2 protein chains.
Amino acid sequence: MKIRIPFKKQQFDAREEAIIDAVNRLLSEKGYDLMTMDDVADAVGIAKGSLYKHFSSKDKLAAAALIRLLNATMAELETLPDTMPEIEKIRHILTWSLKLRLEGGVPHLPSTSLTLQRSLMLNLEYITLALKMHKRFHAMVAKAREQGALTPLVPDDVLVYTLYSRACDPTVDFLLRDKRMSHEQIVTAMVHATLGGFLSEQARTAAQAAA
Amino acid sequence: MKIRIPFKKQQFDAREEAIIDAVNRLLSEKGYDLMTMDDVADAVGIAKGSLYKHFSSKDKLAAAALIRLLNATMAELETLPDTMPEIEKIRHILTWSLKLRLEGGVPHLPSTSLTLQRSLMLNLEYITLALKMHKRFHAMVAKAREQGALTPLVPDDVLVYTLYSRACDPTVDFLLRDKRMSHEQIVTAMVHATLGGFLSEQARTAAQAAA
DNA sequence: GTCTATATCAGGATAGAC
DNA sequence: GTCTATCCTGATATAGAC
């Protein structure tokens with residue numbers, strides 16, 4: 001049973017995607033508080049009034065962008081084979097996040113803005129997804145620890161939160177501004193510097209042998 | 001030759017200190033963009049009009065707080081004995097920054113806000129100090145590398161910028177919110193996780209022997 | 001559903017009395 | 001130098017024509 005999607009609807013959805021794209025870029029550039037609805041409207045090329053037909057508030061707009069990001073992250077996790085050691089999954093998702101950020105696609109996380117944080121806490125769809133991802137991350141880290149990859153000196157929570165935070169680390173901004181390292185070099189260095197502090201001796205020698 | 005400082009002047013200076021204290025707290029809580037002059041005036045307990053007699057703009061206010069922070073950081077560095085291995089100095093200053101942050105004393109760094117960043121770039125006193133500290137950090141990291149403490153896999157710049165960034169890492173906010181770790185535990189874990197990624201094998205085994 | 005106003009309000013900065 | 005009252009810009013959100 002094939003369902004035809006009306007052209008109008010397609011057009012509408014495409015526009016919404018375009019809006020969220022713009023929001024993503026703007027959020028990563030200016031952050032939530034400095035991003036204005038005028039910015040968004042201009043970037044998409046529509047009037048501000050029209051923008052409000054799609055999203056009833058600035059909150060909703062940012063939430064939509066973050067929800068898309070959460071879904072993308074979950075999808076990326078799905079692509080990883082079950083057989084992959086958990087620490088490699090962690091490395092993969094960290095690398096993926098950093099790359100996304102460098103391409104300008106990733107919002108500065110909610111952590112950046114108190115106002116955004118508060119409004120997100122009232123958004124059921126966002127909370128549900130965020131919680132799901134949080135559990136997923138926790139499970140991944142716990143398994144990595146079972147597999148002996150993590151140092152006992154740092155608790156699980158620290159690594160979980162670091163996975164969220166590193167993609168919006170100002171260090172990356174500074175390195176970008178210097179223009180002395182390529183995107184790829186930045187990612188490699190950041191991943192090494194970030195994970196290096198969490199690895200057990202065992203995992204470290206294993207990683208060294210691999211390299 | 002003893003110079004008497006007029007009482008009025010003492011009072012004035014004390015008030016300025018109180019203002020900067022409040023700004024520090026507010027900056028660390030809400031960040032630059034969300035901090036309002038009303039907030040500051042209320043926190044200090046004076047009228048907004050009076051506030052402007054002390055600082056002619058919001059920019060200046062934030063700059064004053066950051067300048068005080070830079071000076072405090074330089075002073076802290078001065079206290080360290082020359083004989084101390086550079087990597088230990090690095091560890092010390094990182095620990096110091098994190099503690100300060102946990103006490104609510106440290107502003108979220110300029111990196112947080114684009115607007116603040118831009119206005120700071122026009123503030124000669126700030127730029128001069130920031131550059132001085134930047135050079136100081138760079139020298140410290142370069143020496144640490146000479147002393148064989150750093151891994152060749154991560155460039156100096158990354159560590160330098162990390163020293164700035166880690167004190168405003170959202171990871172710390174998350175850990176604080178959970179209330180599952182004491183301030184001291186948070187500092188220890190963050191320092192280990194942060195520096196762990198930069199150490200050479202040599203430094204790592206040395207650190208392990210020390211512990 | 002898109003546009004062009006416009007209502008409304010918050011926040012930075014200033015004026016002017018004391 | 002402190003206060004109160006006010007100006008003015010910029011930003012969210014809405015109204016109303018097409």
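As a basis for the values below, the full set of heavy atoms in this structure was taken, side chains included, without hydrogen atoms, waters or symmetry mates. What you see is a predicted model; the values in this text were computed from it and never measured. Naming convention: chains lettered A, B, ... in sequence-line order (proteins, then strands); numbering from 1 in each chain.
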> OP1 or OP2 of D/dC3 less than 4.0 angstrom from a side-chain nitrogen or oxygen of B/S50, does that happen here?
Replying inline: yes
>> Could you check whether B/D21 pairs with B/R68 (Lys NZ or Arg NE/NH1/NH2 to Asp/Glu carboxylate O, under 4.0 Å)?
In response: yes
>> The test is side-chain hydrogen bond (donor to acceptor under 3.5 Å, both in side chains); show your working for B/H92 and B/E76 and say whether it passes.
In response: CA-CA 9 Å; B/H92 179 92; B/E76 182 65 26; 2.7 Å; yes
> D/dT2 phosphate, OP1 or OP2: any side-chain N/O from B/R15 under 4.0 angstrom?
Replying inline: yes
>> Rounding to an integer number of Å, can you tell me how far A/Y52 OH sits from D/dA13 P?
In response: 4 Å
> Starting at CG of B/L61 and ending at P of C/dG11, how long is that distance when rounded to a whole Å?
Replying inline: 16 Å
>> For a salt bridge (Lys or Arg N to Asp or Glu O under 4.0 Å) check, start with the C-alpha distance between B/K143 and B/E146, then their side-chain angles and the critical distance, and finish with the verdict.
In response: CA-CA 5 Å; B/K143 268 199 208 161; B/E146 276 173 34; over 6 Å; no
> Atom NZ of B/K60 and atom C1' of C/dT14: how far apart are they, to the nearest Å?
Replying inline: 15 Å
> Looking only at side chains, do A/Y32 and A/D59 share a donor and an acceptor under 3.5 Å apart?
Replying inline: yes
> Mapping A/G49 and A/L34 onto DNA chain D by nearest heavy atom, which one lands closer to the 5' end?
Replying inline: A/L34
> On DNA chain D, nearest-nucleotide positions of B/A47 versus A/S57: which is more 5'?
Replying inline: B/A47
>> In this structure, how many angstroms lie between the P atom of C/dA15 and the NZ atom of B/K48, rounded?
In response: 14 Å
> For the pair made of CE in B/M37 and C1' in D/dT6, what is the distance, rounded to whole Å?
Replying inline: 17 Å
> Within this structure, what is the NZ-to-P distance between B/K53 and C/dA17, rounded to whole angstrom?
Replying inline: 13 Å
>> Between P on C/dT2 and CZ on A/F55, what's the gap in Å once rounded to a whole number?
In response: 12 Å
> Rounded to whole angstrom units, what separation is found between the CZ atom of B/F12 and the C1' atom of D/dT2?
Replying inline: 12 Å
> What about B/K58: does its side chain form a donor-acceptor pair under 3.5 Å with the base of C/dG11?
Replying inline: no
